[in-house]
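Only heavy atoms go into these numbers, but all of them, side chains included; no hydrogens, no water, no symmetry mates. Per chain, numbering begins at 1; letters A, B, ... match sequence-line order.
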Amino acid sequence: MELTPSQTRAVKHSEGPLLVVAGAGTGKTLVIIQRIAHLISSGLARPEEILALTFSDKAAREMEERLDVILPMGRFGYTISTFHAFGDSVLREKGLTIGIDTDFRVLTRPEQALFLREHLFELNLSYYRPLGDPTRFIDAIITLISRVKDEDISTGEYIRYVSALEERLKGKPDDEELREFLEEQRELAYVCRRYQELMAEKGFVDFGDQVNLTLKLFRAHPRILGSCQERYRFIFVDEFQDTNYTQFQLIRLLGKRFRNIMVVGDDDQSIYKFRGAAISNILKFKEYYPDATEVVLTENFRSTQRILDAAYRLIQNNNPERLEIRNNIDKRLKSARSEDIPILYLPYSTVSDEADGIASLIEEKVSGGTYSYSDFAILVRANKDARPYIRELERRGIPFIFSGSSGLYEQTEVKLLLSFLRVISDPNDNLSLHHLASSDIYNISMHAITICASMGRKLNIPLHLIFKNLQEHPRTGDISDEDKEKITRFILETYSYIEYSRSASPGEILYKFLLDSGYLKRVSDPDHSLSALKIRNVARFFEKVEDFSRLTRYDSAMEFARHIDMLIEAGDEEAVTDIDSDEDTVKALTVHKSKGLEFRVVIMPGLVNERFPRKDSPEKIELPQDLIKEYLPDPENKGINKYHLQEERRLFYVGMTRARDELCITSARDYGGKRKKRMSRFVSEALDIEERIQNTEHRSQNEELRTRNSELGTNLPSPIPEDHVITLSYNQINNYLTCPLKYKYSHILNVSSLFRHHLRVYGEAIHKAIGEYLKLKTKKGHLVLDDLIRQFGKYCIGEGFISKEHNEKRLEEGRRILTDFYRKEEESRLIPAYIEKEFSFFIDNNRIIGRWDRVDEDNGLIKIIDYKSSAVLDKNRADKEARESLQLAIYSLAYDRTYKRMPDIVELRFLGSGITGSCEVMAINLDKAIKEIRDTGDGIRRREFPPKQDYNSCRYCEYVRICPAKGQQGEGGTIVDQ
DNA sequence: GGGACACTCTTTTTT
DNA sequence: AGAGTGTCCC
């Protein structure tokens with residue numbers, strides 16, 4: 001290929017620092033490769049003097065391959081690798097010099113989380129380890145640790161920073177805010193240090209270390225550094241705008257001797273701030289290297305001029321913090337192509353119209369003959385934004401690949417294998433047993449399982465034992481002979497797998513299971529259109545099994561089941577499909593993933609406010625500004641998320657410049673929420689008004705009625721009649737409102753796990769203890785503090801706690817709370833009217849049952865009290881909770897119906913903090929509560945249990961692991977099997 | 001112009 | 001669950 005004059009200038013550059021500002025599609029990798037080839041073939045450099053650094057393995061591989069092509073015999077000796085791989089090799093070779101076990105293992109992020117969790121109580125934490133939810137900050141802490149390493153901050157530095165804060169506080173001891181900040185920072189600084197020590201002890205290293213420790217090593221050992229400097233005479237960095245502070249320090253150090261540093265990048269394509277990228281590296285490169293040669297590449301070989309102009313118009317809005325301004329250069333891209341196709345902007349009224357319009361557009365263009373499916377890419381801001389468009393493609397049978405980064409563990413076939421493994425390693429795991437029994441492998445009817453499950457729940461016996469001793473239990477008459485047979489077979493097989501698992505590896509057991517059950521065969525049925533995908537998913541899962549086998553000494557199913565569960569809980573994610581497919585399919589992917597790729601037609605949907613640009617969400621734990629060495633332009637101007645908006649704009653820029661021929665951007669007003677969405681500001685920044693107005697004519701004709709909801713109406717069992725009484729507790733109502741499907745699992749199918757969460761164990765123990773005390777009090781008796789605490793201690797133990805230390809800390813906390821409680825109660829001479837008194841009343845034909853923790857009567861005022869073991873710290877918030885509590889509303893209604901008068905006051909007593917939230921009963925919205933009760937009753941009568949896939953509903957739901965609604969929205973081409 | 005309230009979103013990804 | 005933003009009403 002012929003090089004342009006500026007490309008040639010970069011390629012022929014001989015020595016000294018070189019900055020190549022290479023806009024999108026201007027051949028930046030080509031320039032690196034050509035220059036390397038040039039240096040080698042002209043004898044200016046020997047191959048082993050070349051060090052080229054990239055970010056991803058893929059980029060390194062590609063560069064190597066391309067270099068191979070043009071340098072057939074110079075193959076050997078040069079180093080092309082990622083920053084991490086380079087650091088890794090240095091550490092393995094020389095790590096001993098800074099006390100690193102060179103046989104270290106690199107922990108992935110979820111492994112780090114697990115590691116931290118394991119050692120959580122060896123860390124001196126309080127604020128960042130709340131006892132009610134000790135693991136809450138683990139992710140945030142790991143992010144912080146990684147940020148610290150990206151910013152080249154040593155633990156010593158961090159601790160010195162904390163000392164400085166201490167000094168500052170001494171100056172103004174009344175500054176509470178500063179004190180609090182100091183305490184938090186102190187915890188964090190010491191966690192960073194302790195983490196590092198613990199990792200070193202175990203011979204672990206994390207990704208951040210691979211670069212950071214290498215830098216540390218070079219700094220500590222000038223001789224090693226010197227020999228590396230001597231060796232790598234020419235250094236190349238691709239995608240320089242994505243380097244973080246530490247990486248740049250490493251490059252500077254390595255290149256100090258010869259200063260032959262060539263960096264290639266585009267400030268307008270810096271989109272990885274969230275993982276530490278320091279755009280200032282490229283912006284300030286010329287300040288670090290004033291003598292640097294600068295080459296600007298603006299000849300674009302990819303897109304039409306229209307697209308480039310629009311992108312340029314957009315990105316101008318990031319001025320003046322751009323190289324174009326700072327270095328006074330012209331970055332306007334010039335197209336090497338002559339086609340002129342208008343950019344489409346299509347505004348729709350609803351998402352389904354939008355999805356429809358996009359699918360139609362693709363179909364039309366493909367049937368027009370000039371395009372094939374693989375020419376199209378749908379670029380979204382976030383993975384989940386892709387859902388509606390993918391669903392429409394799927395509905396129409398348009399082949400597509402969605403390159404999500406997660407989802408493997410949510411696939412039906414993988415979930416089943418997980419359940420199988422859990423059952424094998426712990427047959428008492430009722431949830432998984434239930435899932436496995438009802439799967440289409442064993443196909444036992446829901447009816448039969450439900451009978452057994454209720455029996456198990458009542459007798460508090462694990463489900464598998466009910467299955468095993470079916471005859472011994474009374475109500476089994478209701479189970480058909482066919483089901484009985486299936487159950488017998490199921491339990492026999494399960495026990496035999498358990499037996500087998502004593503001697504076999506998890507891989508072997510899984511394999512046997514897949515063969516024996518015929519599942520593999522069924523899934524590989526060629527008539528089944530999804531078979532290939534499912535097999536791939538199963539295969540991927542097997543890879544995970546093998547990884548485990550390779551890395552652990554205990555290669556048993558039980559270990560594996562525990563390990564993988566913890567990994568998943570720690571946030572391990574595996575993708576379902578691969579974007580690198582040659583098949584003729586439409587590609588759907590995030591803009592981030594699209595970086596470096598190109599497509600003939602790029603479609604960017606969902607361009608509305610709050611989606612693109614997305615609003616800023618700062619890190620949960622932020623690194624203090626004072627510790628950041630990276631240059632932050634104009635730190636004054638920070639708050640108004642200007643940087644964030646700029647980064648989003650660059651992201652949009654990257655998306656637009658992926659298009660070769662056509663760019664189509666779309667938006668809708670209605671995305672399902674109550675509020676109508678406004679068009680993204682980026683649309684107007686990219687297109688001028690005329691273009692937009694012209695495009696406004698373009699609307700989807702397809703306003704047909706969507707009949708999606710009708711799916712719900714079909715095939716439902718007959719409803720429970722109106723006149724039939726159903727009984728509900730607050731807990732049931734609450735569950736139904738959280739998620740109807742959760743209600744079904746818990747109260748109809750009776751799937752319950754024997755596992756009790758630590759918060760429940762603790763809460764119940766507190767309740768039992770104070771209940772005991774108060775009951776005695778009403779009987780004019782007295783329970784002494786020691787006994788109160790003893791009562792509590794008896795119940796506050798269990799497997800649910802993170803560790804023994806966690807349990808002990810909770811016991812301590814409970815003792816403190818109870819002592820407080822005791823003291824207050826002893827002071828008060830008020831005798832409760834009722835303790836744990838039961839009630840029941842009707843709303844229509846819904847019988848509501850429950851019990852009041854406590855009712856007081858004081859000077860004719862009736863007060864209903866409910867105890868909470870949690871800690872709400874703010875009185876206002878506590879009052880608000882009391883006002884909005886469905887539970888208290890129900891309790892008030894119950895009191896009114898029972899005693900024909902309303903209570904006067906209701907209270908939530910948060911024992912954890914000693915704060916009481918109270919409100920007059922008048923302030924409670926009873927109508928709302930009644931409506932919620934009615935809705936629940938109606939839904940249950942209609943037997944409607946649709947999953948409510950809510951962020952929060954699912955986050956803390958114990959059924960997520962087996963819930964069929966998770967991961968079934970058509971991602972990766974999977975459909976719902978129902 | 002401000003306070004109360006309603007609504008909406010809780011990414012992006014590599015090593 | 002919690003924070004941030006938009007809207008409505010005075």
**Q.** Proximity to the side chain of A/Lys615 - top-ranked nucleotide from B/dT8, B/dT15, B/dT11
**A.** B/dT8
Q: From the options B/dT12, C/dA1, B/dT15, select the nucleotide whose nearest atom is closest to the side chain of A/His592.
A: B/dT12
Q. Do we get A/Arg92 above A/Phe104's six-membered ring, with its NZ or CZ under 6.0 Å from the centre and within 45° of the axis?
A. yes
Q. Are the ring of A/Phe207 and the six-membered base ring of B/dT14 within the stacking cut-offs of under 5.5 Å and under 30°?
A. no
(Q) Looking only at the side chains, is there a donor atom on one of A/Ser352 and A/Thr350 sitting less than 3.5 Å from an acceptor on the other? (A) yes
Q) In whole Å, what is the span from the CG atom of A/Asp385 to the P atom of B/dC9? A) 10 Å
Q | Residue A/Tyr272, side-chain heavy atoms: nucleotide from B/dT10, B/dT13, B/dC7 that is nearest | A | B/dT13
(Q) Side chain of A/Arg675 only, heavy atoms from C-beta on: which candidate in C/dG6, B/dT15, C/dG2 is closest? (A) C/dG6
(Q) What is the distance, to the nearest angstrom, from the CG atom on A/Asn609 to the C1' atom on B/dC7? (A) 14 Å
**Q.** Electrostatic pair A/Glu574:A/Lys544 at N-O distance under 4.0 angstrom
**A.** yes
Q: Find the distance A/Phe83:CZ to B/dT14:P and express it as a whole number of Å.
A: 17 Å
Q.
Please determine whether the number of non-hydrogen atoms from other residues, nucleotides or ligands lying under 6.0 Å from atom NZ of A/Lys928 exceeds 12.
A. no
**Q.** Nucleotide nearest A/Lys593 (side chain, heavy atoms from C-beta), chosen from B/dT13, C/dG2, B/dT12
**A.** B/dT13
Q: Ignoring the backbone of A/Arg614, work out which of B/dT11, C/dG2, B/dA6 is nearest its side chain.
A: B/dT11
Q) So what does A/Lys677 touch, heavy atoms closer than 4.0 Å: a base, only the sugar-phosphate, or nothing? A) sugar-phosphate
Q) Quick one: A/Phe55 CZ to B/dT13 C1', roughly how many Å, whole number? A) 12 Å
Q. Among B/dT14, B/dC7, B/dT11, which nucleotide sits nearest the side chain of A/Lys674?
A. B/dC7
Q) Do A/Arg381 side-chain and B/dT11 base share a donor-acceptor contact under 3.5 Å? A) yes
Q | Step-by-step ring pair (Phe, Tyr, Trp, His ring centres under 6.0 Å) determination, A/Phe240 to A/Phe248 | A | CA-CA 9 Å; A/Phe240 183 62; A/Phe248 191 30; 5.2 Å; yes
Q | Nearest-nucleotide 5' precedence on DNA chain C, A/Glu610 against A/Arg877 | A | A/Arg877
Q) So, is A/Thr590 near the phosphate of B/dT13, with a side-chain N or O under 4.0 Å from OP1 or OP2? A) yes
Q | Gap between atoms CZ and C1', on A/Arg61 and B/dT14 respectively (whole Å) | A | 13 Å
Q.
What's the closest nucleotide to the side chain of A/His84 if the choices are B/dT12, B/dT14, B/dT15?
A. B/dT15
Q: Whole angstrom is fine here: how far is it from CD in A/Glu574 over to C1' in B/dT14?
A: 14 Å
Q: Taking only the side-chain heavy atoms of A/Asn383 (C-beta and beyond), determine which of B/dT11, B/dT13, B/dT15 contains the nearest atom.
A: B/dT13
Q.
What contact category does A/Asp57 fall into here, base, sugar-phosphate, or nothing, at under 4.0 angstrom with non-hydrogen atoms?
A. sugar-phosphate
(Q) Need one value for A/Arg955: base, sugar-phosphate or nothing, where a base atom within 4.0 Å counts as base even if backbone is also close, heavy atoms only. (A) nothing
Q) Could you give the NZ-to-P distance, from A/Lys273 to B/dT13, as a whole number of Å? A) 16 Å
Q.
Within the 3.5 Å criterion, strictly below it, is a donor on A/Gln887 or A/Lys868 matched to an acceptor on the partner's side chain?
A. yes
Q. On a whole-Å scale, what distance lies between the P atoms belonging to B/dT13 and C/dG2?
A. 28 Å
Q: Using atom NZ of A/Lys620 as one end and atom P of B/dT10 as the other, report the distance to the nearest whole Å.
A: 14 Å
